[in-house]
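Note that the coordinates shown come from a computational prediction; the quantities given were computed from them, not determined experimentally.
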Amino acid sequence: MQGSGRYSRQTSSDHAAKSLKNVLGLERKLEFTDRAVMGGFDRFINHLSAQLGWIRDVEPLKGTTYAALSPGQRHRWASAIIGRLGSAHSGQQITKQPKSKSTSSARSQPSPTKAKYRLNTPLSNLNFIHKATRSKLARIEITNLRDLLRLFPNRHVDYSKVTKIQDAIYGEMATVVGRVIRSEVAKIGPPPGAAKIVIDDGSELLEATFFRQRYLAHTIKQGSLITLSGEIGSFNNRLQMQNPEHEQLYASNSRNSPDNESQLTHAGILLPVYPSTDGLAQRSLRSATRKSLDIGLPLLDEFLTQALKNRHSFPDLNEAYESIHYPKSLDDQLHARRRLAFDELFMYQLAALKKRWEWRDQEGGILIDRENGQLVVDSFLSSLEFHLTIDQKESLNALLEDMSSGAPMGRLLQGEVGSGKTVVALCALLAVTSAGYQGTFMAPTEVLAEQHFLSISNQLNAESLSNEPRDTVRQAILPSSDNQRINIVLLTGSLQRSVKSRIQQMIADGEADLIIGTHALLQDQVIIPRLGLAVVDEQHRFGVEQRGALTRQKPRPHLLGMSATPIPRTLSLTIYGDLDITTLKILPEGRQPITTTLATNQVAKNHAYELVRQQVARGKQAFVVCPLIEPSDSIESASALEELKHLQQSEFKDIRVGLLHGRMKLAEKQDVMERVRNKQVDVLVATPVIEVGMDIPNATVMMIMSANRFGLAQLHQLRGRVGRGEDESYCVLMANSKSDLANERIEAMVKYSDGFILAEEDLRIRGPGDFMGTRQSGWDELKIATIDDVDLLQIARKEAADLMADGTLDTLNANPKLASELTRVTSEHIAEFS
Ligand code: ADP
Ligand code: MG
């Protein structure tokens, strides 16, 4: 009896659901104008209340009536209802569905096989988006439905501020919406002239003049609906705006399809403005995101617990997605943004912690005997001409400590250019070789690897072997040992094939103890059987996968990253969440500050050349860096070959000038470097191959041609090539760019010498997006969170740490939705941690 009663209630609520879907489908076609039901939608809702009473409690209808909602709100409500009723969203689909689907269990858990779309449904299958739009979206790297949900608007146009033209007040800012009644080119103002349009909003006319933008007369068509924001002025007795912000709501030539007409209403009062894209109109983007939200929101799986959301007042996941696109209020939008930014940072922290636990968990890291290692290191250090700074000593201690702990080390040694990171790394490598392991030292460029090979060989008093290639194999006696010999080898991509395979053989046989090279070390055919420590110099220059590649084997070798590109503290927490960080703050004693000047005119340039001549006369050396090797037709910039000729023929006629660039052969490059080191070359003209690591303490002048062509980090690195000895050093930036950004960079260089301050400046000038580019962070998912989200970052760190407080993954795994979201984000976006 009871059972059959339930059954009949069930069928009638199925019936009600079906008719609700049908009516909503019709209402959607009618643009949510409350015309789908005779007597109004509210009556219909009343009628359904026995079976589907809960629909009244769905936002934004809750506590109000359908009639009182704006069309945009009605749309939101309808989407939410459709979402709850099941995956289908249009009337036609309902009727096609077999009866068996309409059971309550099928409703609450739509069967994945029957759901037409999933979040990873490829763009090409998203038939609800116009085909032409799809191919354009593909160009901005939209690949699936999820990407469309994550195509976030740049800003919103606020229509709550719309003023009737007749109410506009002179001298005040206003937003007006009207139809274009005239649009023409006007030969006024500076060339190429202006566009002048007149709009009518039913109350009065307003004229807008767009100086210098005459092309707008062709894009803003008569009859189209447009919104203008700007200061109200007057001209010839008519209300006017000059160069207002404008937004075409729909163009006149497109037929008044509901899609176009209804955009304003779809959006409620805040209309999203998406990143502009070639050939993709805002209206197509809006239509695409609107439909994607309608279909995608019900598919999103909330992965934060209610308790966590409550703690920080975060909205639900689908609410956040809806409101970041189509917010009810600006407050709503901020709320949504906060939630989504948190998600990004939280995932990153979780991934980092997880990686760290896994890393720690790996038993049997490579064990380096602390005492024996120290002995070798001390004996090596006593052979040097200088003493380590306190920072160097402390970081070296930390490294030796880590490597003798039994767990694999993951450490980043950060330090200003010239702070002496190499010698610290070399000490660690010697400790590792003394324990019988191999060590690698990987550098981002061949020139740098070659230089490290030579200078490390020198510091260890290594000699070449008669039966091995001279340029790439050296042998030294390990300090303090009883004649234990170690082989030092160089492996780069441009070595002769036969030499290369010999070196690879030595590495594979365990004959090579200290292996210095470029990413050639990462090639598959290079097997390093007893790798104990991998040092990655200038690690920010490597892709994230490259960075980790050497430490994939088991037992897991220790990893030491080094970087002189200082990462602002806030970011380094995020970017290197999985590494311990040591910083060398002090420079070796006796370093002089570098005087940086800017030379834009001929007089200043002549001064710079004179400075070089004076320094050379005192036995010092100089670098002249050019962006290009050869002159280019298309890029206006100094080239090394041209500059060399010019300097040899005029400015530095009586000076020995050398040349170094990446296309020279290894032997040629080594030869030049050798001559520079032996002071047989006074001025070295080079391309930025010398940017990192180049170490010539006798050089005192760095002249950078076409300095506007370089980024701030690069300029700072180049400048760091001088000031390495005890003499006063100079950096001259040659530039004549009018580009504002370039000028900002150059000004920052003149003003600041501290790398950390420059990094902050760089961040300010370029924005965090650039700074946290894939290369730097390994994470291209950081679309919302920015450097300013320090509070959110702290919350994310704390929540992540609490979740893993017991040092296991149990708590995380107890929350399967979160764990699976983490797996997805990690595998798709955080290569570093996967
Ligand atoms: P970076 O940190 O930029 O890689 P390097 O390791 O190339 O710097 O060191 C720059 C120069 O400083 C090298 O010539 C190195 O030999 C020297 N150096 C390193 N440590 C000291 C020290 N404690 N005292 C004096 N010179 C040092
Ligand atoms: Mg270095």
Side-chain angles (χ1 to χ4, degrees), residues 443-451 492-494 518 538 541 565 596-602 604-606 608-609 612 621-652 655-666 668-673 675-676 681-694 696 699 701-722 731-746 749 762 766 770 775:
T445 65
E446 300 212 338
V447 173
L448 184 53
E450 287 149 16
Q451 182 192 291
T492 62
S494 64
T518 57
E538 310 290 344
R541 300 274 305 244
T565 294
T596 303
T597 52
L598 173 61
T600 47
N601 56 32
Q602 202 48 51
K605 286 179 184 170
N606 291 341
Y609 291 125
V612 173
Q621 291 160 289
F623 295 114
V624 176
V625 176
C626 306
L628 303 177
I629 299 177
E630 287 170 292
S632 148
D633 291 340
S634 51
I635 307 169
E636 192 190 318
S637 154
S639 75
L641 292 175
E642 227 176 13
E643 195 61 31
L644 178 77
K645 209 158 92 189
H646 166 71
L647 294 177
Q648 280 174 332
Q649 286 172 0
S650 61
E651 302 294 345
F652 301 152
I655 288 180
R656 294 165 299 177
V657 184
L659 174 72
L660 181 70
H661 62 71
R663 265 198 260 136
M664 287 161 52
K665 293 211 176 74
L666 174 58
E668 286 173 353
K669 284 188 281 188
Q670 284 195 345
D671 181 55
V672 174
M673 283 315 300
R675 284 193 292 132
V676 173
V681 168
D682 302 309
V683 174
L684 182 66
V685 177
T687 54
V689 289
I690 66 160
E691 176 197 335
V692 283
M694 185 68 60
I696 306 291
V701 187
M702 167 58 69
M703 212 167 170
I704 305 176
M705 316 301 290
S706 303
N708 49 298
R709 294 257 154 225
F710 295 100
L712 200 44
Q714 223 178 353
L715 288 172
H716 184 58
Q717 278 277 4
L718 285 170
R719 176 167 62 184
R721 296 314 105 209
V722 296
C731 174
V732 187
L733 305 167
M734 307 280 229
N736 41 18
S737 159
K738 307 219 161 40
S739 146
D740 289 338
L741 281 185
N743 283 336
E744 267 192 90
R745 290 199 297 269
I746 289 171
M749 278 293 290
D762 203 19
R766 289 197 292 169
D770 230 10
R775 203 158 182 211

Where do [X] and [Y] come nearest, in terms of heavy atoms and distance?
| X | Y | answer |
| --- | --- | --- |
| V625 | P688 | CG1-N, 4.1 Å |
| A608 | V732 | CB-CG1, 3.8 Å |
| T492 | A449 | CG2-CB, 4.3 Å |
| M705 | P627 | O-CD, 3.5 Å |

Nearest-0.5 Å distance, [atom1] of residue [X] to [atom2] of residue [Y]:
| X | Y | atom1 | atom2 | answer |
| --- | --- | --- | --- | --- |
| C626 | E642 | SG | CD | 9.0 Å |
| M734 | Y609 | CE | OH | 4.0 Å |
| R675 | D682 | CZ | CG | 11.0 Å |
| T518 | L448 | OG1 | CG | 10.5 Å |
| Q670 | M664 | CD | CE | 11.0 Å |
| L598 | I704 | CG | CD1 | 11.0 Å |

Just so I know, are the side chains of M749 and R719 near enough to count as touching, which here means a heavy-atom distance under 4.5 Å?
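Answer yes - side chains close enough.
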Listed by chain and number, what are the side chain to side chain donor-acceptor pair (under 3.5 Å) partners of Q621, not counting sequence neighbours?
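N698.
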Could you go through the side chain to side chain contact (heavy atoms under 4.5 Å, CB included) check for L660 and K669 one step at a time?
CA-CA 7 Å; L660 181 70; K669 284 188 281 188; 3.7 Å; yes
Answer yes or no: is there a donor N or O on one side and an acceptor on the other, between the side chain of R745 and the main chain of N708, under 3.5 Å?
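Yes: the side chain of R745 pairs with the backbone of N708.
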Say whether, by atom type as modelled, one donor and one acceptor occur between the side chain of T687 and the main chain of I629 under 3.5 angstrom.
no
Between T596 and L733, does a side chain to side chain contact (heavy atoms under 4.5 Å, CB included) hold up when you go through it step by step?
CA-CA 8 Å; T596 303; L733 305 167; 3.9 Å; yes
Determine, stepwise, if the pair L641 / L659 fulfils side chain to side chain contact (heavy atoms under 4.5 Å, CB included).
CA-CA 8 Å; L641 292 175; L659 174 72; 3.7 Å; yes
Residue that, paired with E651, satisfies side-chain contact (heavy atoms from CB on, under 4.5 Å) out of H646, K605, E643
H646
